[in-house]
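This report concerns only the one structure given below.
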Amino acid sequence: MNLSRSIPFFNYPALFAEKERELTEVVLGICRRGAYILQKDLAEFEKHLAELMGVKHAFGVANGTDAIWLGLMAVGVGPGDEVILPSHTYIATAAAVHFVGATPVLADIGSDHMLDAASAEEFITPRTKAIMPVQVNGRTCDMDALQAIADRHEVMIVEDAAQGLGSRFKDKSAGTFGNFGTISFYPAKLLGCFGDGGAVVTNDDAVAEKLVLLRDHGRNDKGRVVVWGFNSRLDNLQAAVLDFKLKTFHKDITRRRAIAECYQARLGAMRELILPPAPDADPRHFDVYQNYELEAERRDELRAYLEKHGVRTIIQWAGTPVHQFHELGFKNVKLPNTDRFFTRCLMLPMNTSLSDDDIDYICDQICAFYGYSV
Ligand SMILES: *Cc1c(COP(=O)(O)O)cnc(C)c1O
C-alpha cells in the first residue's frame, strides 16, 4: 500500500503552475494591447470552438447560466411554456428556464444517470415547448431516443452541455443536436477559464443573429439598438486564455479517459460500486469524463473514510437534485431513480493534475474500505 497522501478534488494552483509562463504571456499580451471587450481574441476563440464542436456559430457569453437563458430567449421560450429537464442537474438549468418566464418540469434519469427519454415523455403536456437534456459528467445522452420523442410531440430539443464539451453521441458533439446548446467555462469545467465564462452554440442562422444582439445590449454591428438586450459578454481576456487551453484540449481528454480506464481496471469488479461506463463500453458514446460519478454502497461511510485518508470527494450539487428544493415550489414530484441515485452517488477526483500514483492510492483506499486486499 502507498504511503498516505493528500489528494484534493481539484487542484487549481497545480493546473496554473503547469503552464504558468505561457498563461502569463497570454494575459500580459491582452493587457498590453488594452483589448478587453469583444476583441479579436474572442472572435478567434469562437471560431475555434465552433470548429471543435462541428457547429456553425459559437458565441462567448458571461457564464454558462446566462448561456442557457439567452439561448431560451433566442428560440422564443417564454411565459406559459414548459421545458422538461432532468432533476439531476445544477440549479442553474432550472433557474434559466424560470427567468425567461417558463416553467421547469423535472424528469427522472435512466440507468445511465442521464435524462430518461421515457420519463421525459411522461411529462409532456400541450404547454411543453422544449426538452432540455443535460449532458452531465461529460457524456451525451442517447439523443436518438430523445429526438424521437421531440419529433413525436413536435417540441424543440435544446441542450445544457455545460459539462459536455468534447463528448459525442454517434460522432456528433454534445451541444449541437438541438436548436441551441450551451457550454460553461467555469474553472473546474473541462475547459475552464480564470473566472466565469460560457458559450451558446447553434446551427440556426436566425437564432445566431438574435444571440449576437441579446448578449450586447441589443446593438447591431453599426451600434444601433434594434432589440432590448443585456450585457452578457465573454471577456476578451478569458477568451484568450480559453483559446490557449483549447490547444491541449484533446490531450486533456485523452488523459481523463485514461484515468477512467484505471478506475475501471481497479474498481470495476467490486459489487459495492456501480461505475460510470468505461471509455469504450458503448461505441455510440464518446465520453470525456468531466466528472467520475459512481454509485457506492455505504456511500457516506466511504466518503468519510476517504476523507480521513486524504482523498477529497464531492457529492454533486451538494447532494440535492433540483426536485428536492421544495422552497422553489417543486412539490410531489416523484422521481424514484433520481431519489435513489442521490443516496448513493459520489464523485472521485478526475482531472489532469492527478498522477497514476494518485489514482492507485485512491483505489487502494476504496479496496481497503470494502475489505478487499490491495
Ligand atoms: C456548471 C453548470 C452550469 C452553469 O454554468 P456556470 O458557468 O457556472 O454559470 C449549468 N449547468 C450545468 C449542468 C453545469 O454543470
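Start at 1 and go down the list; that is how both ligands and their atoms are numbered. What you see below is based on every heavy atom in this structure, not just the backbone, and it leaves out hydrogens, waters and symmetry mates. All residue numbers refer to positions in the sequence shown, counting from 1. No experiment lies behind these values; they were computed from the predicted model shown.
- Ion pairing of Arg303 with Glu307 is absent here, as no side-chain N (NZ or NE/NH1/NH2) approaches a carboxylate O to less than 4.0 Å.
- Put simply, the residue from Phe45, Phe249, Phe194 that forms a ring-ring contact (aromatic ring centres under 6.0 Å, His included) with Phe185 is Phe45.
- Scanning for ring-ring contact (aromatic ring centres under 6.0 Å, His included) contacts around His48 gives an empty result, with sequence neighbours left out.
- By the 4.0 Å N-to-carboxylate-O rule, Asp108 lies too far from Arg340 to be salt-bridged with it.
- Identified under the ring pair (Phe, Tyr, Trp, His ring centres under 6.0 Å) test for residues 132-158, with sequence neighbours left out: none.
- Applying the ring-ring contact (aromatic ring centres under 6.0 Å, His included) criterion to Phe341, with sequence neighbours excluded, gives His88, His113.
- The 4.0 Å heavy-atom shell around ligand 1 contains residues Asn63, Gly64, Thr65, Thr89, Tyr90, Ala92, Thr93, Val134, Asp160, Ala162, Gln163, Ser184, Tyr186, Lys189, Gly197, Trp317, ordered by chain and number.
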